[in-house]
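Side-chain atoms are counted along with the backbone in the values below, which use heavy atoms only and exclude waters and symmetry mates. Quick caveat, the model's predicted, so the values are computed rather than measured.
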Amino acid sequence: MNHSYLLVAPDNKISVSVLANGGSSALNGLVAQEILKVCLEEKGISVTEKSKNVPEIVTEIPEKYDAYAGSYIVASSTGEVIDRISFPDRKFMHVEEISPYNTTYADYALTSDGRFTELAYEVSDSGIDDIKLAVNPQSVSFTDAADGKVLLNGMKINSFPEIGSYEDKSYVGERMEENPVSEEVLSSWQAMNGAELCLTGDIYSSSLYDTANGYIILPKDYPGYVFVVHGLGTRLLKIVDERHLVAFQTIPSSRSRDLIDAEIVAVDNEMRIRLSNNSECIFAAELPVFDGSEKEISLSTGQAKWYRIGDTVANSEVQIAERPEKSAIYVYNKFGDVVYTSHVVGITDVVPMPEGGKILFLGETGGMVKIK
């Protein structure tokens with residue numbers, strides 16, 4: 001969760017490095033930018049923001065753009081999504097953004113700078129004769145890569161009041177190809193569609209347990225692909241066979257930084273999904289029930305002890321009598337949100353039991369949690 005940023009003005013022999021425990025690289029960059037401005041001003045160099053010209057809308061999209069219609073894997077703030085792109089009547093670009101949970105829509109106009117720029121409203125709502133660009137819009141363009149792939153370029157000015165702004169310009173997407181798989185292979189994954197996952201395999205202090213609930217979702221209209229939702233965000237993976245999923249994108253930017261493959265494995269006769277970052281997910285449907293009769297929970301390094309909260313203790317509380325220093329307890333409600341974690345300073349030993357929720361015990365081998 002550490003971030004860094006290096007900003008260099010080579011002609012002036014100045015470099016600024018900002019390191020942060022937490023935060024984001026983007027905010028580090030803004031800090032570096034302001035420090036660099038001061039350094040340049042000390043050399044008598046005044047720095048001003050470049051004014052941005054507002055591009056004009058092109059009313060007819062050239063035929064060559066028909067070749068770019070199709071589906072793209074795109075990196076979003078919550079992980080990977082599918083953008084289905086079309087050019088209705090060659091008047092504008094229509095984008096259907098497909099996530100594991102819903103589909104949203106946005107329209108873009110071709111502008112005089114050769115990019116497609118986001119519109120303030122969908123054409124279906126405003127009409128083609130009354131389109132206008134959004135305020136501080138995102139814009140995209142297409143690149144034909146040397147290997148025959150088509151890449152999606154994104155550009156947006158990100159502004160932080162009283163801090164500054166920066167232009168984010170990078171590759172954000174890559175066109176997807178069909179991934180034909182046999183009916184037998186597809187059926188095996190369809191049987192898991194909608195299955196809820198619970199993270200295990202990380203140490204008790206891992207921040208991934210803050211978002212430890214995930215899902216397997218098969219996107220409609222895209223056989224051969226699977227959404228895996230987990231603590232690092234949503235990943236769109238390609239089906240290889242009944243047991244293996246692989247990351248397939250080659251976007252040449254940090255958008256491809258955290259690629260993860262997945263494999264179905266059996267551990268002690270229990271089916272799990274093992275991720276290539278060395279963590280694992282167990283299926284929530286197979287969790288034992290916590291009914292209040294459990295008084296001692298044995299801990300194992302790297303093996304989370306998950307329970308579904310049973311009806312007999314739902315909407316009540318249990319009290320922890322003893323817990324090792326190197327351990328943690330989490331409680332999640334029915335939506336997967338954390339409602340209790342022992343990582344909070346001064347947290348009480350009285351643990352809530354929300355109806356439909358889950359409780360998680362973590363620690364090192366040999367440790368034990370005792371419950372009154």
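Side-chain contact between R90 and D66: present, with at least one pair of heavy atoms (C-beta onward) separated by less than 4.5 Å. F92 places none of its side-chain heavy atoms less than 4.5 Å from the side chain of I131. Considering only heavy atoms from C-beta on, F361 comes within 4.5 Å of I371 through its side chain. Looking at heavy atoms from C-beta onward, V16 lies out of side-chain contact with Y5 at the 4.5 angstrom threshold. Y215 places none of its side-chain heavy atoms less than 4.5 Å from the side chain of P100. Considering only heavy atoms from C-beta on, F142 stays 4.5 Å or farther from K64 through its side chain. In this structure, Y204 and L299 have side chains that are not in contact, with every pair of non-hydrogen atoms separated by 4.5 Å or more.
Checked against a 6.0 Å centroid threshold, the rings of F248 and Y225 count as neighbours.
Here the OG atom belonging to S187 is positioned 10.0 Å from the CD atom belonging to E242, to the nearest 0.5 angstrom. The CG atom of L119 sits 11.5 Å away from the CG atom of D125 when rounded to the nearest 0.5 Å. The line from CD1 of I329 to CD1 of I297 is 9.0 Å long, rounded to the nearest 0.5 Å. We find the OH-CE distance between Y340 and M353 to be 9.0 Å, quoted to the nearest 0.5 Å. For the atom pair I35 CD1 and L30 CG, the distance stands at 11.0 Å (nearest 0.5 Å). In this structure, CD in E80 is found 11.0 Å from CZ in R255, a value given to the nearest 0.5 Å.
Put simply, the residue from L360, T211, I359, I309 that forms a side chain to side chain contact (heavy atoms under 4.5 Å, CB included) with Y332 is L360. When S141, S139, S253 are each tested for a side chain to side chain donor-acceptor pair (under 3.5 Å) with N153, only one passes: S141.
Of the possible donor and acceptor atoms, one in the side chain of S188 sits under 3.5 Å from a partner among the backbone N and O of V185. The main-chain N or O of L218 is found under 3.5 Å from a side-chain atom of N193 such that the two form a donor-acceptor pair. One N or O on the side chain of T341 and one on the backbone of H343 form a donor-acceptor pair closer than 3.5 Å. Using a distance-only test at 3.5 Å, with no hydrogens or angles considered, no donor-acceptor pair links the side chain of D202 to the main chain of L208. A donor-acceptor pair is defined here as one N or O able to donate and one able to accept, closer than 3.5 Å; such a pair exists between the side chain of D261 and the backbone of A247. Not one N or O on the side chain of S112 forms a donor-acceptor pair closer than 3.5 Å with the backbone of P55. The main-chain N or O of K238 is never found under 3.5 Å from a side-chain atom of N179 such that the two would form a donor-acceptor pair. Looking at T234, its side chain never comes within 3.5 Å of a backbone N or O of G79 through a donor-acceptor pair. Under a 3.5 Å cut-off, the side chain of R235 and the backbone N or O of H230 do not form any donor-acceptor pair. Between the side chain of E118 and the backbone N or O of A134, no donor-acceptor pair lies under 3.5 Å.
Of all the heavy atoms in G194 and I217, the pair that sits closest is CA-CD1, 4.0 Å. Smallest separation of non-hydrogen atoms from I260 and L237: O-CD2, 3.1 Å. Looking at every heavy atom in both residues, C198 comes nearest to A284 through SG-CB, 3.9 Å. What you find for S4 and S25 is that their closest heavy atoms are O-OG, 3.6 Å. Residues A304 and L362 approach most closely at CB-CD2, 3.4 Å, considering heavy atoms. Counting all heavy atoms, side chain and backbone alike, F227 lies closest to P219 at CE1-CB, 3.7 Å.
Using modelled atom types and a 3.5 Å distance limit, the side chains of Y171 and T143 yield no donor-acceptor pair. Defined by atom type and a distance below 3.5 Å, a donor-acceptor pair is missing between the side-chain atoms of D291 and Y307. A side-chain donor from one of N102 and S99 sits under 3.5 Å from a side-chain acceptor of the other.
Residues L133 and M155 are members of separate hydrophobic clusters, defined by side-chain heavy-atom contacts under 4.5 angstrom among Ile, Leu, Val, Met, Phe, Trp and Tyr. Under a hydrophobic-cluster definition in which Ile, Leu, Val, Met, Phe, Trp and Tyr are linked whenever side-chain heavy atoms come within less than 4.5 Å, directly or via other members, V150 and V172 are assigned to the same cluster. Hydrophobic clustering places I273 together with M271 (ILVMFWY residues linked when any side-chain heavy atoms are closer than 4.5 Å, directly or through intermediates). When the side chains of ILVMFWY residues are joined at heavy-atom separations under 4.5 Å, either directly or via intervening members, L236 and I98 end up in a single hydrophobic cluster. In the hydrophobic clustering of this structure, I264 groups with L197; members are Ile, Leu, Val, Met, Phe, Trp, Tyr whose side-chain heavy atoms approach within less than 4.5 Å, directly or through other members.
The environment of CG in D89 is sparse: at most 12 heavy-atom neighbours from other residues, nucleotides or ligands sit within 6.0 Å. The number of heavy-atom neighbours closer than 6.0 Å to CD of E355, taken from other residues, nucleotides and ligands shown, is 12 or below. Other residues, nucleotides and ligands contribute only 12 or fewer heavy atoms inside 6.0 Å of the CG atom of D268. By the neighbour-count criterion of 12 heavy atoms within 6.0 Å, atom CD of E183 is sparsely surrounded, having that number or fewer from other residues, nucleotides or ligands. Open room surrounds CD on E177; 12 or fewer heavy atoms of other groups in view lie less than 6.0 Å from it. Atom NZ of K37 has more than 12 heavy atoms from other residues, nucleotides or ligands within 6.0 Å. Taking a 6.0 Å sphere around CD of E270, one finds it holds more than 12 heavy atoms contributed by other residues, nucleotides or ligands. Counting non-hydrogen atoms of other residues, nucleotides and ligands closer than 6.0 Å to CG of D144 gives a total above 12.
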Handout entry: Verdict with reasoning, E60 to K91, per side chain to side chain contact (heavy atoms under 4.5 Å, CB included)
Key = CA-CA 5 Å; E60 295 289 338; K91 296 293 184 181; 2.4 Å; yes
Practice task
Could you walk me through whether Q33 and V47 pass side chain to side chain contact (heavy atoms under 4.5 Å, CB included), step by step?
Solution key: CA-CA 10 Å; Q33 183 172 282; V47 178; over 6 Å; no
Practice task
Take T250 and E174 through the side chain to side chain contact (heavy atoms under 4.5 Å, CB included) test and state the conclusion after the steps.
Solution key: CA-CA 8 Å; T250 60; E174 176 182 338; 3.2 Å; yes
Practice task
Might you work through the side chain to side chain contact (heavy atoms under 4.5 Å, CB included) test for T200 and Q303, ending with a clear yes or no?
Solution key: CA-CA 6 Å; T200 186; Q303 294 298 320; 3.9 Å; yes
Exercise for the section: Go through the steps for F116 and F87 under the test ring pair (Phe, Tyr, Trp, His ring centres under 6.0 Å), then give the verdict. Expected result: CA-CA 11 Å; F116 286 89; F87 303 96; 5.6 Å; yes
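With respect to the salt-bridge test (charged N to carboxylate O, under 4.0 angstrom), the residues K43 and D11 do not qualify. A salt bridge does not link D349 with K372: none of the charged nitrogens is closer than 4.0 Å to a carboxylate oxygen. A salt bridge links E196 to K358: one of the charged nitrogens lies within less than 4.0 Å of a carboxylate oxygen.
The aromatic rings of Y68 and Y65 sit tilted relative to each other, their planes meeting at an angle between 30° and 60°.
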